[in-house]
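For ligands, and for the atoms within them, numbers begin at 1 and follow the listed sequence. The basis for the numbers below is simple: all heavy atoms, side chains too, and nothing from hydrogens, waters or symmetry mates.
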Amino acid sequence: MRILVINGPNINMLGIREPGIYGTQNYQALLELIARTAMSYNAEIECFQSNHEGAIVDKIQEAYGNFDGIVINPAAYTHTSIAILDALKAVGIPAVEVHISDVDSREDFRQISYAGMACEKRIAGQGIDGYRQAIEYLANRYVKFL
Ligand code: DQA
């Protein structure tokens, strides 16, 4: 199966940005965790990170017909982007929303997730392990629906 992992703005700053909230592991460590997880599920994975909303919309559109699942942490765009929500709905690829921090226990402006409305599962507050859990979910789902 083919899984696309999309990370939004500032996720490339992991390890540097607010370590008390996002942890001390950097973006490279996240990529390595994703690669190890992909191998254990025999999945092909592409990772994409952008600080630009339109680039994320483009990437989701390009996934149509090319990926079986999407793991997405839209970061701050989670709470603002109807364009990302619409793109996920347009392609109809099974998607899992991941947040490193426990967004539910944070500020009021983080309580809405537009992208989440097009995702069948949400994993938050698990640190970078949330990405492993999301890939595991999609891999199991893929086998079930084969
Ligand atoms: C985040 C939570 C968002 O509210 C925030 O804007 C981020 C990261 C997370 O992974 O916990 O940039 O998506």
Taking a 3.5 Å cut-off between nitrogen or oxygen atoms, can you list every pair linking ligand 1 to the protein, with distances?
| from | atom 1 | to | atom 2 | distance (Å) |
| --- | --- | --- | --- | --- |
| ligand 1 | 4 (O) | H79 | NE2 | 2.6 |
| ligand 1 | 4 (O) | R110 | NH1 | 2.8 |
| ligand 1 | 6 (O) | A76 | N | 3.2 |
| ligand 1 | 6 (O) | R110 | NH1 | 3.1 |
| ligand 1 | 10 (O) | N73 | ND2 | 2.8 |
| ligand 1 | 10 (O) | I100 | N | 2.7 |
| ligand 1 | 11 (O) | I100 | N | 3.2 |
| ligand 1 | 11 (O) | S101 | N | 2.8 |
| ligand 1 | 11 (O) | S101 | OG | 2.6 |
| ligand 1 | 12 (O) | R17 | NH1 | 3.1 |
| ligand 1 | 12 (O) | R17 | NH2 | 3.1 |
| ligand 1 | 13 (O) | N73 | OD1 | 2.8 |
| ligand 1 | 13 (O) | H99 | ND1 | 2.8 |

Inset, instruction - Look up atom CD1 in I6 and atom CG in L88, then write down how far apart they are to the nearest 0.5 Å. - result: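 Going from the CD1 atom of I6 to the CG atom of L88 covers 7.0 Å.
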Inset, instruction - Could you name each residue pair satisfying salt bridge (charged side-chain N to carboxylate O under 4.0 Å, His left out) that touches residues 115-134, not counting sequence neighbours? - result: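 Residue pairs with at least one partner in residues 115-134: E97-R122, D104-R122, E120-R141, D129-R132, R132-E136.
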Inset, instruction - Without swapping roles, check the side chain of N73 against the backbone of N7 for a donor-acceptor pair under 3.5 Å. - result: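 No; zero donor-acceptor contacts below 3.5 Å.
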Legend entry - Flag, side chain of E32 to backbone of Y27, donor-acceptor distance under 3.5 Å: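 Not a single qualifying donor-acceptor pair exists.
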Inset, instruction - Please work out which of the three classes, parallel, tilted or perpendicular, describes the rings of F109 and H79, given edges at 30° and 60°. - result: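 The rings of H79 and F109 stand perpendicular, inter-plane angle above 60°.
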Legend entry - Pair N51-E53, side-chain donor/acceptor within less than 3.5 Å: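 No, no side-chain donor-acceptor contact under 3.5 Å.
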